[in-house]
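Below is one structure, written out as structure tokens; comments come after it.
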Amino acid sequence: ISMIFASSRRIFLGTTSGRVFRLDQSAVGWAATRLDNAAAGPLALSGLIWDIAVDPSDATLNSIYICFGGSGDFRHVWRFNGNAWQARSGVAGSATSLLDVEHNAIQCDPVSGKLFVGADIGAWQSGDGGNTWKPMSNGLPDAPVFDLQVHQASRRLRASLHGRGLYEFPI
């Protein structure tokens, strides 16, 4: 259901059942590696993986962020550091954690290091890799955010909302 190119020879995929794969191209073809079952720390949830973002702070292109759909567990954002998975949705019950609503989109800004997620109730931003979150307001309605894109040339985050149009914010 989700896919992102980390480079011309590396792709990350997320499935509807919570599996995550890395595909690497070599001289003999493509090789798939399953990541959700990492021995050093497997992904603790399963479900629909709506979106994937490559962590720009990792020059090896091994680290990614994912966001889960569904509800029932507030841990909708996870980071894979190349070895293990860590929840990156804040501390449960705190004012700086994500809400337990479906999360549909995730983006990393390589310049500022900020992480952005789009949820069924607006968009959220983190300046510390997902340890704490705060809502993005700036006139953005509390509507489902289905996609986010960082436009590097203009240094803007663009958000596509369900039935409410497109918004863009300076990063």
Side-chain angles (χ1 to χ4, degrees), residues 1-7 10-18 20-21 43 45-58 61 63-81 85-171:
I1 189 114
S2 56
M3 176 179 79
I4 189 163
F5 285 84
S7 71
R10 176 164 285 175
I11 303 171
F12 290 95
L13 302 171
T15 70
T16 56
S17 62
V20 182
F21 296 91
L43 188 55
L45 292 179
S46 64
L48 180 69
I49 298 176
W50 264 122
D51 205 7
I52 304 171
V54 176
D55 184 348
S57 69
D58 181 356
L61 303 176
S63 300
I64 58 171
Y65 289 94
I66 63 169
C67 67
F68 276 99
S71 62
D73 191 318
F74 86 101
R75 300 173 300 166
H76 288 275
V77 173
W78 290 78
R79 182 176 185 267
F80 181 70
N81 66 7
W85 290 95
Q86 307 96 27
R88 293 297 177 99
S89 300
V91 176
S94 75
T96 59
S97 68
L98 293 175
L99 300 175
D100 183 17
V101 297
E102 189 157 323
H103 285 65
N104 310 304
I106 191 161
Q107 280 288 306
C108 298
D109 176 34
V111 175
S112 69
K114 288 184 179 179
L115 186 60
F116 303 96
V117 293
D120 274 1
I121 305 175
W124 303 77
Q125 66 180 333
S126 174
D128 59 7
N131 292 314
T132 59
W133 293 91
K134 64 180 182 178
M136 294 180 63
S137 48
N138 302 343
L140 185 68
D142 288 337
V145 176
F146 285 157
D147 199 12
L148 294 170
Q149 294 294 316
V150 173
H151 187 257
Q152 288 300 332
S154 66
R155 299 296 305 134
R156 295 184 178 274
L157 176 69
R158 294 180 174 161
S160 170
L161 281 66
H162 178 68
R164 299 295 298 264
L166 300 170
Y167 288 75
E168 67 177 11
F169 307 93
I171 300 174

Next item on the list: Report the C-alpha separation of Phe12 and Ile66 in whole Å, then their side-chain angles, then the decisive distance to 0.1 Å, and conclude whether the side-chain contact (heavy atoms from CB on, under 4.5 Å) test is met.
Entry: CA-CA 10 Å; Phe12 290 95; Ile66 63 169; over 6 Å; no
Check: Listed by chain and number, what are the side chain to side chain contact (heavy atoms under 4.5 Å, CB included) partners of Asn104, not counting sequence neighbours?
Finding: Trp50, Glu102, Asp120, Phe146
[X] versus [Y], closest heavy-atom pair with distance:
| X | Y | answer |
| --- | --- | --- |
| Ser7 | Leu61 | CB-CD1, 3.8 Å |
| Leu148 | Ala105 | N-CB, 3.7 Å |
| Cys108 | Leu115 | SG-CD1, 3.4 Å |
| Ile171 | Lys114 | O-NZ, 4.5 Å |
| Phe116 | Leu157 | CD2-CD2, 3.5 Å |
| Thr132 | Ser126 | O-OG, 2.8 Å |

Checklist line | Derivation and outcome, side-chain contact (heavy atoms from CB on, under 4.5 Å), residues Tyr65 and Val117 | finding: CA-CA 10 Å; Tyr65 289 94; Val117 293; over 6 Å; no
Next item on the list: For the residue pair His103 and His76, categorise the inter-ring angle as parallel (less than 30°), tilted (30 to 60°) or perpendicular (more than 60°).
Entry: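 The rings of His103 and His76 lie parallel, inter-plane angle below 30°.
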Next item on the list: Taking the side chain as every heavy atom from C-beta outward, state whether Phe80 and Leu43 have any atom pair closer than 4.5 Å.
Entry: no
Next item on the list: Take Arg158 and Leu166 through the test side-chain contact (heavy atoms from CB on, under 4.5 Å) and record every step on the way to the result.
Entry: CA-CA 7 Å; Arg158 294 180 174 161; Leu166 300 170; over 6 Å; no
Distance from [X] atom [atom1] to [Y] atom [atom2], nearest 0.5 Å?
| X | Y | atom1 | atom2 | value |
| --- | --- | --- | --- | --- |
| Asn131 | Ser97 | CG | OG | 12.0 Å |
| Gln86 | Trp78 | CD | CH2 | 9.0 Å |
| Gln125 | Ser112 | CD | OG | 8.5 Å |

Notebook entry, point to check: Hey, mind stepping through Val20 and Ile64 against side-chain contact (heavy atoms from CB on, under 4.5 Å) and telling me if it holds?
Noted result: CA-CA 10 Å; Val20 182; Ile64 58 171; 3.9 Å; yes
Note to self: Looking at Arg88, is its backbone amide N or carbonyl O close enough to the side chain of Trp133 to form a donor-acceptor pair, meaning the two atoms are under 3.5 Å apart?
What the structure shows: yes
Next item on the list: Check for a donor-acceptor pair, side chain of Ser46 on one end and backbone N or O of Ser17 on the other, with a separation under 3.5 Å.
Entry: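 Pair absent, no side-chain N/O of Ser46 close to backbone of Ser17.
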Notebook entry, point to check: Using 4.0 Å as the upper bound for N to carboxylate O, is an ion pair formed by Asp109 and Arg155?
Noted result: yes
Next item on the list: Let me know which of Asp51, Val77, Ile49, Leu48 forms a side chain to side chain contact (heavy atoms under 4.5 Å, CB included) with Phe68.
Entry: Ile49
Note to self: Is it true that Ser63 and Asp58 share a donor-acceptor pair across their side chains at a distance under 3.5 Å?
What the structure shows: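 Distance-only check passes for Asp58 and Ser63.
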